[in-house]
K.L.:
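This is the structure I want to talk about, given as structure tokens.
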Amino acid sequence: MAEERFYFENGLTLHEACAGREVANLQLIGTAFGVSIAAREGGITISGESEAVSRASGFFAELQHFYVLRGRNMDQRDLELLLKAASRFSGKDLRDLWKERIHVSPKKRDVLPRSLKQMEYVRAMRHKELVFGIGPAGTGKTYLAMAVAVSEFLAGNCSRIILTRPARESGENLGYLPGNLEEKIMPYLRPLYDALYDMIPVEEAAELIQKGVIEVAPLAFMRGRTLGDAFIILDEAQNTSPAQMLMFLTRMGFHSRCVVTGDPTQNDLKSGEESGLLKAERTLSSLPEIEFCHFSTADVVRNALLEKIILAYTGKGGKES
């Protein structure tokens with residue numbers, strides 16, 4: 001058995017390190033590493049097997065580092081995601097994740113990749129003209145793409161942001177909704193607005209949309225256009241046909257970057273209809289200028305229960321009924 005004392009620095013208190021929940025979170029961390037943790041005299045005492053104690057102590061060191069990077073502003077979600085990452089990655093990998101944080105509006109918190117795959121995805125979007133993010137819900141595909149788009153726009157690396165998705169119904173018929181064309185298509189585009197408002201205050205985003213600097217539109221509205229000096233995001237790409245996907249990809253103009261996101265398991269196409277996303281992967285995967293980033297349930301960063309739900313539905317988390 002081994003025992004180690006750990007003291008926080010740079011003004012970080014145990015209360016802050018544990019997001020205001022010392023007892024519950026010290027127990028959570030202890031369980032994750034298989035050690036006992038007790039708060040004593042402004043620090044903590046970690047007891048257990050030598051290797052486990054060392055790993056737990058290393059986690060608290062990373063927690064300290066993360067606290068500084070976060071600008072002394074941490075919450076329960078930060079702590080839980082850091083703990084999840086620490087169970088899989090080394091200290092160096094964790095530091096690399098934090099270095100890839102995405103600066104969005106000064107009025108919003110930086111966006112951080114939460115897994116090595118998310119880090120690879122962010123790096124690809126910063127350096128490749130065309131990136132595909134493919135994988136299950138909750139892995140941050142669209143959210144990170146939106147964050148990079150806003151970051152690049154605010155940094156002056158593009159003059160506008162184009163957000164689009166196919167207007168495919170998810171098991172429901174929305175064609176008889178009342179209202180004009182814009183009101184009818186709004187339900188399809190709402191998720192893009194939600195992500196956008198997480199990066200830019202609503203009033204500022206509304207002004208940019210009014211000026212046409214940020215455009216949110218159904219995929220069908222892209223036909224015949226050339227989108228230059230823009231950061232373009234195609235969401236829900238699994239619901240495109242091969243013809244739609246080709247139409248979209250050929251909209252790219254000079255000085256533009258494009259991110260295509262989709263989850264092949266959530267396909268709303270008609271039976272027998274081929275997905276443009278899968279066709280694009282088969283056709284373009286050999287081109288070095290294009291990056292395909294594949295996510296798995298291990299990259300889910302929403303509620304921890306979501307990963308279990310996805311595994312259960314795919315038959316990988318237990319018996320299917």
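Note that the structure is predicted; figures quoted are calculated from it, not measured.
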K.L.:
So how far is it from Phe132 CZ to Ile290 CD1, rounded to the nearest 0.5 Å?
P.N.:
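Result: 6.0 Å between the selected atoms.
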K.L.:
Let me check something: do Leu278 and Leu287 share a hydrophobic cluster, defined by ILVMFWY side-chain heavy atoms less than 4.5 Å apart, either directly or through other members?
P.N.:
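As far as the 4.5 Å side-chain criterion goes, Leu287 and Leu278 are not connected within one cluster.
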K.L.:
What closest approach, in Å, do Ala237 and Ser275 show between heavy atoms, and which atom pair accounts for it?
P.N.:
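Ala237 and Ser275 have their closest heavy atoms at O-OG, 4.3 Å.
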K.L.:
Using a cut-off of 6.0 Å, state whether more than 12 heavy atoms not belonging to Glu129 lie near its atom CD.
P.N.:
no
K.L.:
Using the six-membered ring wherever Trp is involved, compare the ring planes of Phe60 and Phe6 and label them parallel, tilted or perpendicular (cut-offs 30° and 60°).
P.N.:
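Ring orientation, 0 to 90° scale: tilted.
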K.L.:
Apply the test side-chain hydrogen bond (donor to acceptor under 3.5 Å, both in side chains) to residues Tyr121 and Arg123: give CA-CA distance (whole Å), side-chain angles for both, the deciding distance (0.1 Å), then the verdict.
P.N.:
CA-CA 5 Å; Tyr121 183 50; Arg123 286 178 175 171; over 6 Å; no
K.L.:
Taking Val104's backbone N and O only, do any of them form a donor-acceptor pair with Ser151's side chain (distance below 3.5 Å, no angle check)?
P.N.:
no
K.L.:
Please report the interatomic distance OG(Ser57) to CD(Glu62), rounded to the nearest 0.5 Å.
P.N.:
10.5 Å
K.L.:
Hey, could you give me the CG/CZ distance between Asp229 and Phe153, rounded to the nearest 0.5 Å?
P.N.:
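Rounded to the nearest 0.5 Å, the CG-CZ separation comes to 10.5 Å.
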K.L.:
Tell me yes or no: between the side chains of Glu16 and Thr13, is some donor less than 3.5 Å from an acceptor?
P.N.:
yes
K.L.:
Should Lys128 and Glu289 count as side-chain neighbours, where that means a heavy-atom distance under 4.5 Å?
P.N.:
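They are not in side-chain contact.
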K.L.:
For a 4.5 angstrom cut-off between non-hydrogen side-chain atoms, does Leu234 reach Leu219?
P.N.:
yes
K.L.:
Does a side-chain heavy-atom distance below 4.5 Å link Ile200 with Leu208?
P.N.:
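Yes, their side chains come closer than 4.5 Å.
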K.L.:
What's the shortest heavy-atom distance between Met125 and Val148, and which atoms?
P.N.:
CE-CG2, 3.6 Å
K.L.:
Given 3.5 Å as the limit, does a donor-acceptor pair link the side chain of Arg160 with the main chain of Ile214, or not?
P.N.:
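Checking the backbone N and O of Ile214 against the side chain of Arg160, no donor-acceptor pair under 3.5 Å is found.
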K.L.:
Is there a side-chain contact (heavy atoms from CB on, under 4.5 Å) between Thr164 and Phe221? Walk through the geometry before answering.
P.N.:
CA-CA 9 Å; Thr164 187; Phe221 286 23; over 6 Å; no
K.L.:
Less than 4.5 Å apart, side chain to side chain, heavy atoms only: is that true for Met247 and Met222?
P.N.:
yes
K.L.:
For the CG atom of Leu28 and the CZ atom of Arg21, what is their distance to the nearest 0.5 Å?
P.N.:
8.0 Å
K.L.:
Nearest 0.5 Å, please: how far is CD1 in Ile162 from CD in Glu215?
P.N.:
4.5 Å
K.L.:
Side chain of Arg257, backbone of Ala230: donor and acceptor closer than 3.5 Å?
P.N.:
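Here the side-chain-to-backbone pair does not exist.
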K.L.:
Looking only at heavy atoms, which two atoms of Ala145 and Val259 are closest? And how far apart?
P.N.:
CB-CG1, 3.8 Å
K.L.:
Measure from the side-chain N and O atoms of Lys141 to the backbone N and O of Pro136, and report whether any donor-acceptor pair falls under 3.5 Å.
P.N.:
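The answer is yes, because a donor-acceptor pair under 3.5 Å joins these two groups.
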K.L.:
Tell me which pairs pass side chain to side chain donor-acceptor pair (under 3.5 Å) where either residue lies in residues 24-34, with sequence neighbours left out.
P.N.:
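Side chain to side chain donor-acceptor pair (under 3.5 Å) check on residues 24-34 returns Asn25-Gln76.
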K.L.:
Are Val35 and Tyr7 linked, directly or through other ILVMFWY residues, by side chains that come within less than 4.5 angstrom of each other?
P.N.:
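No, because Val35 and Tyr7 fall into different hydrophobic clusters, even though each may have its own neighbours under 4.5 Å.
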K.L.:
Could you grab the distance from atom CD of Glu152 to atom CG of Asn157, nearest 0.5 Å is fine?
P.N.:
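If we round to the nearest 0.5 Å, Glu152:CD and Asn157:CG are 4.5 Å apart.
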K.L.:
Quick one: do Glu100 and Met119 satisfy side-chain contact (heavy atoms from CB on, under 4.5 Å)? Show the steps, please.
P.N.:
CA-CA 7 Å; Glu100 292 297 332; Met119 180 178 70; 3.6 Å; yes
K.L.:
Show the nearest heavy-atom pair for residues Lys117 and His294, with the distance to one decimal.
P.N.:
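Answer, listing the atom of Lys117 first, then His294: CE-O, 3.2 Å.
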K.L.:
Kindly indicate, with the supporting measurements, whether the criterion side-chain contact (heavy atoms from CB on, under 4.5 Å) is fulfilled by Thr45 and Glu3.
P.N.:
CA-CA 7 Å; Thr45 299; Glu3 184 176 286; 3.4 Å; yes
K.L.:
Should Leu163 and Met146 count as side-chain neighbours, where that means a heavy-atom distance under 4.5 Å?
P.N.:
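Yes, their side chains come closer than 4.5 Å.
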K.L.:
With sequence neighbours excluded, give me every ring-ring contact (aromatic ring centres under 6.0 Å, His included) pair touching residues 235-289.
P.N.:
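Every pair satisfying ring-ring contact (aromatic ring centres under 6.0 Å, His included) with a residue in residues 235-289: there are none.
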K.L.:
Spell out, yes or no, whether Leu79 and Val23 are grouped together once hydrophobic residues are joined by side-chain heavy atoms under 4.5 Å, including indirect joins.
P.N.:
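In one cluster: no.
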K.L.:
Where is the tightest heavy-atom contact between Gln238 and Asp263, given as atom of each residue plus distance?
P.N.:
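Distance-wise, the nearest heavy atoms are OE1-N, 3.0 Å.
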K.L.:
Side chains of Ile209 and Tyr193: closer than 4.5 Å at any heavy-atom pair?
P.N.:
yes
K.L.:
Does Glu51 have more than 12 heavy atoms from other residues, nucleotides or ligands lying within 6.0 Å of its CD?
P.N.:
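At most 12 heavy atoms, drawn from other residues, nucleotides or ligands, come within 6.0 Å of this atom.
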K.L.:
Ignoring hydrogens, what is the shortest heavy-atom contact between Glu273 and Ser241? Give both atom names and the distance.
P.N.:
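Minimum heavy-atom separation between Glu273 and Ser241: OE2-CB, 4.3 Å.
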K.L.:
Decide whether Ser36 and Ser47 meet the rule of one side-chain donor and one side-chain acceptor closer than 3.5 Å.
P.N.:
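Absent: no donor and acceptor within the cut-off.
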K.L.:
Can you check whether Cys293 reaches Ile134 side chain to side chain, under 4.5 Å on heavy atoms?
P.N.:
no
K.L.:
Tell me if the CZ atom of Arg223 is crowded by more than 12 foreign heavy atoms within 6.0 Å.
P.N.:
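At most 12 heavy atoms, drawn from other residues, nucleotides or ligands, come within 6.0 Å of this atom.
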K.L.:
Please step through salt bridge (Lys or Arg N to Asp or Glu O under 4.0 Å) for the pair Glu274 and Arg282, ending with a clear verdict.
P.N.:
CA-CA 12 Å; Glu274 185 179 17; Arg282 292 198 306 271; 2.3 Å; yes
K.L.:
In terms of hydrophobic clusters joined by side-chain contacts under 4.5 Å, are Leu246 and Val131 together?
P.N.:
no
K.L.:
Going by heavy atoms in the side chains, are Asp110 and Ile102 under 4.5 Å from each other?
P.N.:
no
K.L.:
Is there a path from Leu196 to Val202 through hydrophobic residues (I, L, V, M, F, W, Y) whose side chains come within less than 4.5 Å of each other?
P.N.:
yes
K.L.:
Going through the checks in order, is the side-chain contact (heavy atoms from CB on, under 4.5 Å) test met by Ser286 and Leu284?
P.N.:
CA-CA 6 Å; Ser286 62; Leu284 305 174; over 6 Å; no
K.L.:
Okay, side chain of Thr283, backbone of Lys279: is any donor-acceptor separation there less than 3.5 Å?
P.N.:
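Yes; at least one donor-acceptor contact below 3.5 Å.
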